[in-house]
Amino acid sequence: MNQPLAGFAPAPVTARMENHGNHMLKVAMQTGNDLLARVGSMVAYEGFVQYEPNPPAVRQIARDWITGEGAPLMKCSGDGLLYLADYGANVVVINLNGDAISVNATNLLAFDAHLTWGVERVKGLAKFAGQGLWNTKISGQGWVALTSRGKPIVVDCGGGEDETYVDPDALVAWSPNLKVKGKRSFKAQSLIGRGSGEAFQMAFSGQGIVVVQPSEDSTDRLRFRG
């Protein structure tokens with residue numbers, strides 16, 4: 001291999017999912033261990049990998065997806081190495097060990113097809129945003145890959161009485177056991193959010209984490225119904 005390019009070669013496989021750099025996901029594919037991934041995220045693969053866009057099982061589970069058009073997912077199956085990316089966004093790999101995570105649809109890159117998942121409405125926000133915010137809850141034993149527009153920060157809510165406040169346009173994911181409520185603050189409108197001139201925040205409390213990205217570009221965020 002040309003010496004200047006040697007440092008970009010794939011590393012040996014050590015896990016089902018792992019990063020190749022900050023902006024690409026490498027998945028070790030095996031027959032019988034299918035993957036659900038964002039449509040259009042495949043950038044390369046080795047071996048024999050097949051794709052089925054928006055399979056029937058996905059359409060049935062995600063009929064209430066925020067877009068109203070079903071989840072933008074494809075089923076990947078076969079043997080080999082699969083490389084995924086989302087327009088240069090940072091990739092965050094999570095190994096669920098029997099726990100769960102709630103993810104914004106626009107930040108969901110891929111997850112093991114055997115995991116339990118579904119689209120659900122976030123409680124406590126309806127009065128702030130019409131019918132509320134819809135998210136994807138994933139649970140079980142397996143791998144999940146998220147994207148972030150820039151290097152994310154993971155905030156540990158700590159289980160104390162203090163709440164953690166997040167701009168919805170910067171929210172990536174959170175522990176689904178956290179309590180969530182909406183808050184409006186006219187005094188903070190020049191500091192938080194870039195939308196309607198009114199600062200709307202999501203307040204989290206309890207034991208768990210919140211993943212926040214540095215970008216607040218509302219054009220590529222999961223939006224509210226209403």
Side-chain angles (χ1 to χ4, degrees), residues 15-19 22 25 36 61-62 64-66 71 89-185 187-188 191-193 199-216 218 221-225:
R16 160 71 163 174
M17 286 187 186
E18 52 193 332
N19 287 79
N22 294 325
L25 174 70
L36 293 177
I61 294 176
D64 291 327
W65 202 280
I66 185 64
N90 285 56
V91 175
V92 180
V93 177
I94 300 172
N95 186 7
L96 294 179
N97 188 21
D99 44 3
I101 191 166
S102 186
V103 186
N104 274 334
T106 53
N107 296 98
L108 184 57
L109 181 61
F111 59 97
D112 283 331
H114 66 263
L115 289 169
T116 300
W117 70 285
V119 179
E120 60 181 29
R121 182 180 297 152
V122 181
K123 298 179 181 179
L125 297 179
K127 68 178 180 180
F128 290 92
Q131 298 181 42
L133 176 69
W134 294 76
N135 254 34
T136 305
K137 181 180 177 181
I138 305 173
S139 61
Q141 186 84 37
W143 294 84
V144 180
L146 314 178
T147 61
S148 171
R149 302 299 173 185
K151 185 177 180 179
I153 183 172
V154 179
V155 180
D156 187 350
C157 293
E161 296 181 358
D162 293 337
E163 294 178 324
T164 298
Y165 297 93
V166 178
D167 183 335
D169 288 339
L171 181 63
V172 173
W174 70 85
S175 302
N177 57 293
L178 289 173
K179 294 180 180 179
V180 186
K181 67 179 183 181
K183 180 182 179 181
R184 285 187 174 129
S185 174
K187 293 182 179 179
L191 303 176
I192 303 176
F200 172 79
Q201 303 139 51
M202 294 174 66
F204 297 88
S205 60
Q207 189 72 44
I209 62 169
V210 180
V211 183
V212 183
Q213 64 184 359
S215 171
E216 293 179 314
S218 61
R221 301 292 303 142
L222 179 65
R223 305 308 300 158
F224 293 110
R225 277 182 171 178

query = Measuring from Leu178:CG to Thr164:OG1, what's the distance to the nearest 0.5 Å?
reply = 8.0 Å

inquiry  = So which atom in Gly208 and which in Asp156 form the shortest heavy-atom distance, rounded to 0.1 Å?
reply    = O-OD1, 3.3 Å

Leu109 side chain reached by Val92 side chain, heavy atoms, under 4.5 Å = no

query = What's the spacing between Ile209 CD1 and Ile94 CD1 if we round to 0.5 Å?
reply = 6.5 Å

request  = Measure the shortest side-chain to side-chain distance between Ile101 and Leu146 over non-hydrogen atoms and say whether it is less than 4.5 angstrom.
outcome  = yes

key: Heavy-atom side-chain contact between Gln213 and Asn107 under 4.5 Å   = yes

key: Chi angles and distances behind the side-chain contact (heavy atoms from CB on, under 4.5 Å) call for Asp167, Val212   = CA-CA 9 Å; Asp167 183 335; Val212 183; over 6 Å; no

key: His114 backbone acceptor or donor facing Asp112 side chain under 3.5 Å   = no

key: Heavy-atom check, side chain of Leu36 versus side chain of Trp117, under 4.5 Å   = yes

remark   = Residues passing the side-chain contact (heavy atoms from CB on, under 4.5 Å) test with Asn19, sequence neighbours excluded, are Val91, Val93

note = The reported gap from CZ in Phe204 to CD in Glu163 (rounded to nearest 0.5 angstrom) is 10.5 Å

remark   = In terms of heavy-atom contacts, Ala145 and Leu25 come closest through CB-CD2, 3.5 Å

Residues which pass side-chain contact (heavy atoms from CB on, under 4.5 Å) with Lys137, listed by chain and number, not counting sequence neighbours = Ala100, Glu120, Pro176

query = Which residues pass the side chain to side chain donor-acceptor pair (under 3.5 Å) test with Asn90, sequence neighbours left out?
reply = none

query = Can you tell me how far OG of Ser148 sits from CG of Asn104, rounded to the nearest 0.5 angstrom?
reply = 11.5 Å

query = Just how far is it from atom OG of Ser139 to atom CG of Leu115, taken to the nearest 0.5 Å?
reply = 7.5 Å

Donor-acceptor pair between Gln141 and Asn97 side chains, under 3.5 angstrom = yes

Contact check, side chains of Trp174 and Val180, non-hydrogen atoms, under 4.5 Å = yes

query = Looking only at heavy atoms, what is the nearest atom pair of Thr147 and Ala89, with distance?
reply = CB-CB, 4.0 Å

